[in-house]
Each structure stands twice: as C-alpha cells, then as structure tokens.
Asks: 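Handing you a structure now.
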Amino acid sequence: MPELPEVETVRRGLQPVFEGARIARLHLARPDLRFPFPERFSERLEGRVVTSLSRRAKYLLAEIADGPILAMHLGMSGSFRIEANGAGTVPGSFVHPRSEARLHDHVRFELARPDGSAAAIVFNDPRRFGYMSLIEPGDFGAHPHFRDLGIEPTGNGLSGEALAPLFAGKAVPLKAALLDQRLIAGLGNIYVCEALWRAKLSPRRAAGSLVRRNGAPTPRLSVLADHIRETIADAILAGGSTLRDHRQATGELGYFQHSFNVYGREGQPCRRAECGGTVSRIVQSGRSTFFCASCQR
DNA sequence: AGAAGGCCCTGACCGC
DNA sequence: TGCGGTCAGGGCCTTC
C-alpha cells in the first residue's frame with residue numbers, strides 16, 4: 001500500500017489506539033523482516049507507553065516515553081490491523097475481533113489502553129520488504145534512514161523555489177528525480193505518475209530543464225510543485241489508494257484509485273477532455289511509468 | 001559523485 | 001487444472 005498517502009492513512013487509523021497505550025507485550029513471529037529486528041526489540045518496548053504516532057516520508061514513528069523511537073516501514077506489502085474485544089472500546093468502525101494469527105503476521109503489539117481496555121495491533125507483510133528499527137531520540141537526525149530524506153510533499157515546504165536548487169543541472173528524467181527520496185520524501189510510483197500528468201510534464205524530460213540558468217525555478221516547476229502537493233492532499237483525503245485487497249488499519253478501503261488519470265490505464269484514452277491522446281506505459285529505472293505523450297511535454 | 005541495475009520476497013494474474 | 005513467466009506500491013547495495 002505504501003506511498004505517503006497510504007502511510008498517512010494508516011497513521012490516522014492507528015493513532016487513537018496507539019497513543020497513550022502501554023505496550024503490555026510484544027510478540028515477534030520471526031527474527032527478521034527485511035532486516036533483523038534490533039537487539040532486545042521486545043524487551044526495550046514492553047511495559048512502555050506510546051506517547052505519539054507521527055510520520056516522516058513513508059515511515060511511521062512511534063515515540064516511546066523515556067525510550068527509543070520505534071520507526072516502522074511498510075515496504076511493498078505491509079499492513080496493520082487493529083483487534084479489540086467488544087464494540088466501542090476502540091475508535092473505528094472496522095476493528096477486527098480478536099482472532100488466530102494469520103499467515104504473514106510478523107509482529108503483534110498487545111496494548112493496555114488508558115481507559116482500561118485492551119487491544120492489539122498486528123503487522124502483516126507477505127513480502128517482508130517492511131522493517132522496524134529503534135532509534136534513540138538524540139540519534140534520529142543522524143540515522144541513515146532519515147538523515148538524507150528530502151522535502152515533505154505536504155504543506156508549503158514544497159515549492160518551485162525549494163525544488164530549483166535540487167533539480168539544477170540534473171540530467172536525470174523527472175520521473176527518477178521525483179522518486180528520489182533525498183529530494184522529495186514520500187512520493188512513489190503512482191503519485192509521481194499522477195502529479196506529472198496533472199502538470200502536463202513528460203516523465204522523460206530532464207529534471208534540470210525546469211530550472212533557469214540563473215538557478216531560478218521556471219513557472220512550470222512551480223506548477224509541478226503545486227500539483228504534487230495537491231495530488232498528495234487529494235489522495236490523503238480519499239484515504240489513500242486500495243490496490244488489490246489492501247485495506248487501511250481500520251479495515252476501510254481507500255478510494256483514490258478511482259481518481260487515477262494515468263496509473264494502470266495503458267492503452268486507454270487520456271482523461272484530459274481536449275487532448276485525445278492515449279495513455280502509454282514505458283519502463284524507467286526498472287519501474288512502469290504511465291503517461292500521455294500527447295499532452296505531457 | 002552520481003546513476004543504472006540487481007536483488008530481497010510472496011502472491012496474483014496471464015497465456016498456454 | 002497446472003505450470004511457467006511476468007509483474008507489483010520500496011529502497012539498499014553493487015557496479016559502472
């Protein structure tokens with residue numbers, strides 16, 4: 001599921017269950033996901049209280065009172081589900097009843113909530129591209145996963161002025177530049193394709209072509225920045241995209257996939273009324289790019 | 001230094 | 001129905 005809007009949607013689903021809860025018990029079904037779990041992972045978290053659940057790029061960050069930050073990445077196929085006994089004990093209308101472990105359940109957080117109720121948060125990840133790590137708060141900025149991350153594509157930080165120095169002189173295709181987490185953090189394949197379509201920009205164009213020789217952003221770069229922010233904001237409002245049968249932590253489905261203009265639409269007509277072009281699929285740095293060669297220049 | 005490609009892993013889907 | 005090939009939302013590591 002996991003580009004920024006999906007991770008943000010997961011965060012919003014988990015936040016009311018995680019925040020304020022004590023991790024009564026933490027069960028690992030295996031010693032590793034993509035990477036081994038940190039040393040004494042369960043021991044360092046059990047008995048501690050989660051004070052907040054935030055997000056940076058595609059990472060979920062659980063802050064632990066007097067403890068480390070728990071960083072969680074969903075990889076390609078990671079998902080969380082919330083289990084609770086009894087209706088009304090946990091917010092969210094699609095909370096699962098307690099059940100037997102399912103295939104590919106790897107981590108189970110047993111939580112004691114402030115109101116005295118119990119709940120569990122289960123991490124399931126068939127492909128095991130996800131991972132979890134523990135970071136001491138003072139080390140966060142220097143941590144390899146976070147120190148090189150670029151601009152968050154939410155809020156006003158993403159602008160033509162901010163992108164110009166990052167794109168200046170770069171011959172890499174726009175598609176690759178937008179996927180580079182060191183420049184903009186949180187975009188993935190789907191939303192890059194969608195934002196480029198909205199901005200009428202070709203994914204093959206050199207990133208540096210949107211920067212003036214004096215280093216100033218061209219108008220088109222500013223338009224692109226606007227469209228990236230809007231695409232991400234629209235997707236978050238829609239609860240992210242649900243491909244195949246992925247669901248939010250609360251069990252609800254995202255529905256931004258119904259708003260795709262190019263992603264997965266190879267061979268179909270361009271959605272821009274006046275265009276008349278056809279969506280094509282090419283491969284860039286090993287991944288599919290969907291775009292309309294007629295109106296994206 | 002920066003960029004391209006391989007690779008980690010499972011599951012779904014397609015064509016034969 | 002079964003089998004092999006292909007592809008998938010990410011990002012680290014190696015190679016060039």
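Residue numbers begin at 1 in each chain, while the letters A, B, ... track the order of the sequences. All figures in this text were calculated on a predicted structure; none of them were measured in a lab.
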Asks: Look at the side chain of A:His145 and decide which nucleotide, out of B:dT10, C:dG9, C:dC12, has an atom nearest to it.
Replies: C:dC12

Asks: For A:Ile282 and B:dA4, give me the distance from atom CD1 to atom P, rounded to whole Å.
Replies: 13 Å

Asks: In whole angstrom, give the distance that lies between atom CZ of A:Arg34 and atom C1' of C:dC13.
Replies: 9 Å

Asks: Any donor-acceptor pair, under 3.5 Å, between the side chain of A:Arg128 and the base of B:dC9, if you only look at N and O atoms?
Replies: no

Asks: What nucleic acid atoms does A:Gly188 come within less than 4.0 Å of, heavy atoms only: base, sugar-phosphate, or nothing?
Replies: sugar-phosphate

Asks: Should A:Lys58 be listed as having a side-chain N or O under 4.0 Å from OP1 or OP2 of C:dG11?
Replies: yes

Asks: Connecting only ILVMFWY residues whose side-chain heavy atoms lie within less than 4.5 Å of each other, what is the rest of A:Ile69's hydrophobic cluster?
Replies: A:Phe35, A:Tyr59, A:Leu61, A:Tyr131, A:Ile135, A:Phe140, A:Phe146, A:Leu149

Asks: Rounded to whole angstroms, how far apart are CZ on A:Phe129 and C1' on C:dG11?
Replies: 9 Å

Asks: Could you please name the partner base of B:dC9, counting Watson-Crick and G-U wobble pairs only when both distances are under 3.5 Å?
Replies: none

Asks: Find the distance A:Tyr263:OH to C:dC7:P and express it as a whole number of Å.
Replies: 12 Å

Asks: Rounding to an integer number of Å, can you tell me how far A:Tyr131 OH sits from C:dG11 P?
Replies: 6 Å

Asks: For B:dC9 and A:Ser77 - does any side-chain N or O of the residue sit under 4.0 Å from the phosphate oxygens OP1/OP2?
Replies: no

Asks: If I pick the P atom on B:dG11 and the same atom on C:dC12, what distance separates them, to the nearest angstrom?
Replies: 24 Å

Asks: Compare the minimum distances between each of B:dA4, B:dT10, C:dG11 and the side chain of A:Arg127, then state the nucleotide with the smallest one.
Replies: B:dT10

Asks: What's the gap between C:dC7 and B:dG5 when it is taken at their P atoms, as a whole Å value?
Replies: 15 Å

Asks: Distance under 6.0 Å and angle within 45° of the ring axis: does A:Arg265 meet both against A:Trp197?
Replies: no

Asks: Taking the minimum atom-to-atom distance to the side chain of A:Phe35, which one of B:dA4, B:dG11, C:dC12 wins?
Replies: C:dC12

Asks: Looking for any heavy atom pair under 4.0 Å, which part of the strands does A:Leu103 touch: base, sugar-phosphate only, or nothing?
Replies: sugar-phosphate

Asks: Nearest to the side chain of A:Ile190, heavy atoms from C-beta on, is which of C:dC12, C:dG9, B:dC8?
Replies: C:dG9

Asks: Could you tell me whether A:Asp105 and A:Arg81 make a salt bridge, using a distance below 4.0 angstrom between a side-chain N and a carboxylate O?
Replies: yes

Asks: Less than 3.5 Å apart, any donor N or O on the side chain of A:Ser241 or A:Tyr263 sitting next to an acceptor on the other?
Replies: no

Asks: Look at the aromatic rings of A:Phe18 and A:Phe109 and report parallel, tilted or perpendicular, splitting at 30° and 60°.
Replies: perpendicular

Asks: For A:Met76 and C:dG11, what is the distance between atoms CE and P respectively, to the nearest whole Å?
Replies: 10 Å

Asks: Tell me which one of A:Glu63, A:Glu3, A:Glu8 satisfies salt bridge (charged side-chain N to carboxylate O under 4.0 Å, His left out) with A:Arg55.
Replies: A:Glu8

Asks: Given C:dA8, B:dG11, C:dG11, identify the nucleotide with an atom nearest to the side chain of A:Pro126.
Replies: B:dG11

Asks: In whole angstrom, give the distance that lies between atom CD1 of A:Ile232 and atom C1' of C:dG9.
Replies: 12 Å

Asks: A:Arg182 has an atom CZ; how far is it from atom C1' of C:dG11, in whole Å?
Replies: 11 Å

Asks: Can you figure out which of B:dG11, C:dG9, B:dA3 approaches the side chain of A:His104 most closely?
Replies: B:dG11

